[in-house]
S.K.: 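Pasting a structure below so you can have a look.
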2 protein chains.
Amino acid sequence: MELDERKRKILQAIIKTYLETGEPVGSRTISKMEGLNLSSATIRNEMADLEEMGYILQPHTSAGRIPSDAGYRLYVDQMMAEKALEREEHALTVKDEEHEKLLAKVDRLETLLQQVAKVLAYNTNYATMVTGPDYKNTNVKFVQLSQVDDEQLLAVIVVGSNVIKNKMIDVEERIPNEELLKLNVLLNTFLTGVSVKEIDLELVQTMKQQAGVYADILEHIFDGIIDAVRSATETEVYTSGATNILKYPELGDINRAGELLEVLEEKKALNHLIADENEDGTTNQYGIQVYIGDETPVETLNDCSIVTATYELEEGVRGKIGIIGPKRMDYDKVVTTLRNLTDELDTIFKNKKT
Amino acid sequence: MELDERKRKILQAIIKTYLETGEPVGSRTISKMEGLNLSSATIRNEMADLEEMGYILQPHTSAGRIPSDAGYRLYVDQMMAEKALEREEHALTVKDEEHEKLLAKVDRLETLLQQVAKVLAYNTNYATMVTGPDYKNTNVKFVQLSQVDDEQLLAVIVVGSNVIKNKMIDVEERIPNEELLKLNVLLNTFLTGVSVKEIDLELVQTMKQQAGVYADILEHIFDGIIDAVRSATETEVYTSGATNILKYPELGDINRAGELLEVLEEKKALNHLIADENEDGTTNQYGIQVYIGDETPVETLNDCSIVTATYELEEGVRGKIGIIGPKRMDYDKVVTTLRNLTDELDTIFKNKKT
DNA sequence: TATTAGCACTCATAGATGTTGAGTGCTAAC
DNA sequence: GTTAGCACTCAACATCTATGAGTGCTAATA
């Protein structure tokens, strides 16, 4: 059977009204809509076809139809294609409010990202998550060891443009000033400008050798520093608006909802969402991906849809922004919002860099 | 009417069984329990009295009784009194598992506290929160300004024994090395050893004056540093196990539950819990306080009970650990658990200090 | 006087039954 | 190919009826 123009239109209409109402839509509803003037009976026939083709399904015999995952997929793909076309027109739209709120506390990246998650949740009424950027591709910019007191050294490492990591290191005795100076020089010569992922055992070994006679004593200083740099790699996840999912009755059965909320609280699982980059063709110019139902990488979220976008903090240093909602999600609005948001973040980060 | 021994026992029995079952308990249930051999009729009479006195209440005419807030209060007070007596016997109990898990990643205080919240939630099946310590009484230990690149200074401030704050400060041009050195000396002479709450405008003014001719240029450097120190004061709140509250049907109606979860997500409200220290007599030697129903300082939580304990990171630097659950909470277990936990934290922190 | 047995009464809960209305599929007419 | 018409299905809602746990009260008992 072929998906002709009329079928397509009907499918579109079904999905659109279902997105709005959340309830199965019947043939009469569609036939009353303007555009295509057909009786409910005709619609019914077409619907039967569409069901056979797998785009819609019936919750029970005498109910209207709801979109299947495949139906959503078709809808979204179509929408994305349209969006890609109208891309040029996409001018500055609703920026201001978010913009200001966001800019208010830009000084700490963590705060900013948390804020992004919050605003986004507030604007969309879905659950949101933002992952910290992946620092594997960043360079170390600055390293410094300081003696805080007789038994503690403080290592400060600045990674990328604005990320600071600290590590307290216990030592047995105060290290002479000139030695500390030497150490700092050593650290900076070896680490500054090196990208985080390049710091491997080999490099560490080389550095230890360079430390010469002090190698033994200072071994765990190196370890501490490496440790701190590494810890920058564990991407953090900020979530917000988790309780929004309770607003959607189809997810609201108390047990399922509980599981969902747990996944959101236990943020680790969400990292899966980020792992697979560009695995299929759905990525578009804004790095926006849509996962519908079973397509979601996290099993618990199989009744949900997830839309993710990519932001870029600086060249090669990226993170993801994700929106988690019911399959009956306002994909259009979500995609638009994400697109605007990443645009804004881009400008913010660009300005920062200068 | 007087609350004689028998009434007290009956009340106790009612509350205990209600805590277990969560369902209104009837006269027959009590009369069948061993201990006091009375017929259900007698129990009924006593129950009527207890209800008149306000310790229990009936959800509806033909149902059993459930404890009122006042009933819980009596029960908890009694339990706390007993606990205070048996205090000496309170030896090392169930430590190991928690202990190990906790110690695993002690190196960062934030991680530790988050972990504490998590373990506690896991062990008790309630929602938990842990507030970061209140640094107002801590001393600044170490301050350092470093030039990261031509336009950025990095201020590192170590507060208390282990808390590090960073602040990036934009400058217009590189500051000569010797000036930076002077500045560092200045900062350390004025700030080291000073408690955070003593850093006020006056002190800042004095410092600015001391900076002499550079005062103008360096003004916002001071501001930045002060800012960073101040930010240490905003107590952070870590929560965990929020979804646990969905397990208790009495809180589980989807809307109420949503509100509760929101409060937990929007952690700010929880700060109220900490504000009032020792306001009434219920504080005991472990700083454990129990808020029942309407006693909770946060209105949304009026159907819940909250138990808080205090931990001490170091002399005068304290934070709170809180458990949020249904009024039908296993107070005994919760109090015991909190007591053990604060004990453990004490030893951990004590060891840290050395 | 305190306790208890007995009884009528209440009421949430759960099941059975009926009604409604939205929606379908199919057939026959256009 | 489209549509009107009709019989059919079924979730949702309301109504009714046990059922049983639990009560309060009264009168008998120790």
Side-chain angles (χ1 to χ4, degrees), chain A residues 1-11 13-15 17-18 20-68 71 249-250 252-253, chain B residues 1-11 13-15 17-18 20-68 71 249-250 252-253:
Chain A
M1 204 175 316
E2 204 206 349
L3 189 69
D4 57 13
E5 188 53 27
R6 195 169 74 178
K7 282 192 174 51
R8 196 180 290 272
K9 264 189 180 164
I10 293 175
L11 180 58
I14 294 174
I15 297 183
T17 50
Y18 182 70
E20 281 165 26
T21 66
E23 274 168 18
V25 352
S27 51
R28 229 175 91 83
T29 319
I30 301 296
S31 85
K32 272 190 299 187
M33 290 175 45
E34 48 201 295
L36 60 179
N37 287 341
L38 292 172
S39 79
S40 61
T42 316
I43 306 288
R44 275 204 288 285
N45 288 328
E46 295 290 46
M47 276 176 156
D49 289 353
L50 283 170
E51 182 163 7
E52 201 180 327
M53 290 191 264
Y55 292 121
I56 53 180
L57 36 85
Q58 256 180 318
H60 61 267
T61 339
S62 73
R65 302 304 211 289
I66 61 173
S68 70
E250 62 263 50
D253 125 77
Chain B
M1 201 176 319
E2 204 206 349
L3 189 69
D4 58 13
E5 187 54 26
R6 194 170 72 176
K7 281 191 175 50
R8 195 181 291 271
K9 265 190 179 163
I10 292 176
L11 180 58
I14 293 174
I15 298 183
T17 50
Y18 183 69
E20 282 166 24
T21 66
E23 274 167 19
V25 353
S27 51
R28 227 174 92 82
T29 320
I30 302 295
S31 86
K32 271 189 299 188
M33 290 174 47
E34 48 202 297
L36 58 180
N37 287 341
L38 292 172
S39 81
S40 61
T42 316
I43 305 288
R44 275 203 290 283
N45 288 329
E46 295 289 47
M47 277 177 156
D49 290 353
L50 284 171
E51 181 163 8
E52 201 179 326
M53 289 192 264
Y55 292 120
I56 53 180
L57 37 84
Q58 258 181 316
H60 60 267
T61 338
S62 73
R65 303 302 211 290
I66 61 173
S68 70
E250 63 263 50
D253 126 77

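Atoms considered below: every heavy atom in the structure, side chains included; atoms not considered: hydrogens, waters and symmetry mates. Each chain gets a letter, A, B and so on, in the order the sequences are listed, and its residues count up from 1.
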S.K.: Here's a test of your reading of the structure: between A:Arg6 and B:Gly26, which maps to the more 5' nucleotide of DNA chain D?
M.R.: A:Arg6
S.K.: Can any side-chain N or O of A:Glu46 pair as donor or acceptor with the backbone N or O of A:Lys7 at less than 3.5 Å?
M.R.: no
S.K.: How far apart are the C-alpha atoms of B:Leu50 and B:Arg65, what are their side-chain angles, what is the distance that settles it, and do they pass the side-chain contact (heavy atoms from CB on, under 4.5 Å) test?
M.R.: CA-CA 10 Å; B:Leu50 284 171; B:Arg65 303 302 211 290; over 6 Å; no
S.K.: Just how far is it from atom CG of A:Asn37 to atom NZ of A:Lys32, taken to the nearest 0.5 Å?
M.R.: 14.0 Å
S.K.: Mind grabbing the angle between the end helix axes of the helix from C:dT1-D:dA30 to C:dC30-D:dG1? Five pairs an end, 10° rounding.
M.R.: 20°
S.K.: DNA chain C: B:Glu46 or A:Val25, which has the more 5' nearest nucleotide?
M.R.: B:Glu46
S.K.: With a strict under 4.0 Å distance from non-hydrogen atoms of chain A, what nucleotide opens and what nucleotide closes the contacted stretch of DNA chain D, reading 5' to 3'?
M.R.: D:dT2 to D:dA11
S.K.: Is the shortest side-chain heavy-atom distance between B:Leu38 and B:Ser31 below 4.5 Å?
M.R.: no
S.K.: Indicate yes or no for a side-chain donor-acceptor contact from A:Ser68 to the backbone of A:Leu57 under 3.5 Å, with no hydrogens or angles considered.
M.R.: no
S.K.: Check whether more than 12 heavy atoms from other residues, nucleotides or ligands sit under 6.0 Å from atom CD of B:Glu23, and answer yes or no.
M.R.: no
S.K.: Could you check whether any side-chain heavy atom of A:Ile30 comes within less than 4.5 Å of a side-chain heavy atom of A:Ser27, counting everything from C-beta outward?
M.R.: no
S.K.: Could you tell me the separation between the CG atom of B:Asp4 and the C1' atom of C:dT1, rounded to a whole number of Å?
M.R.: 15 Å
S.K.: Taking DNA chain D as the partner, which of residues 53-67 of chain A come within under 4.0 angstrom of it by heavy atom?
M.R.: A:His60, A:Thr61, A:Ser62
S.K.: Taking for each residue the nucleotide of DNA chain C bearing the nearest heavy atom, is the 5' side occupied by B:Ser39 or by A:Asn45?
M.R.: B:Ser39
S.K.: Would you say the side chain of B:Tyr55 lies within less than 4.5 Å of the side chain of B:Leu3, judging by non-hydrogen atoms?
M.R.: yes
S.K.: Can you name the nearest heavy-atom pair linking A:Ile66 to A:Tyr18, along with the distance?
M.R.: CG2-CE1, 3.4 Å
S.K.: Supply the atom-to-atom distance B:Ile56 CD1 to B:Met53 CE, rounded to the nearest 0.5 angstrom.
M.R.: 8.5 Å
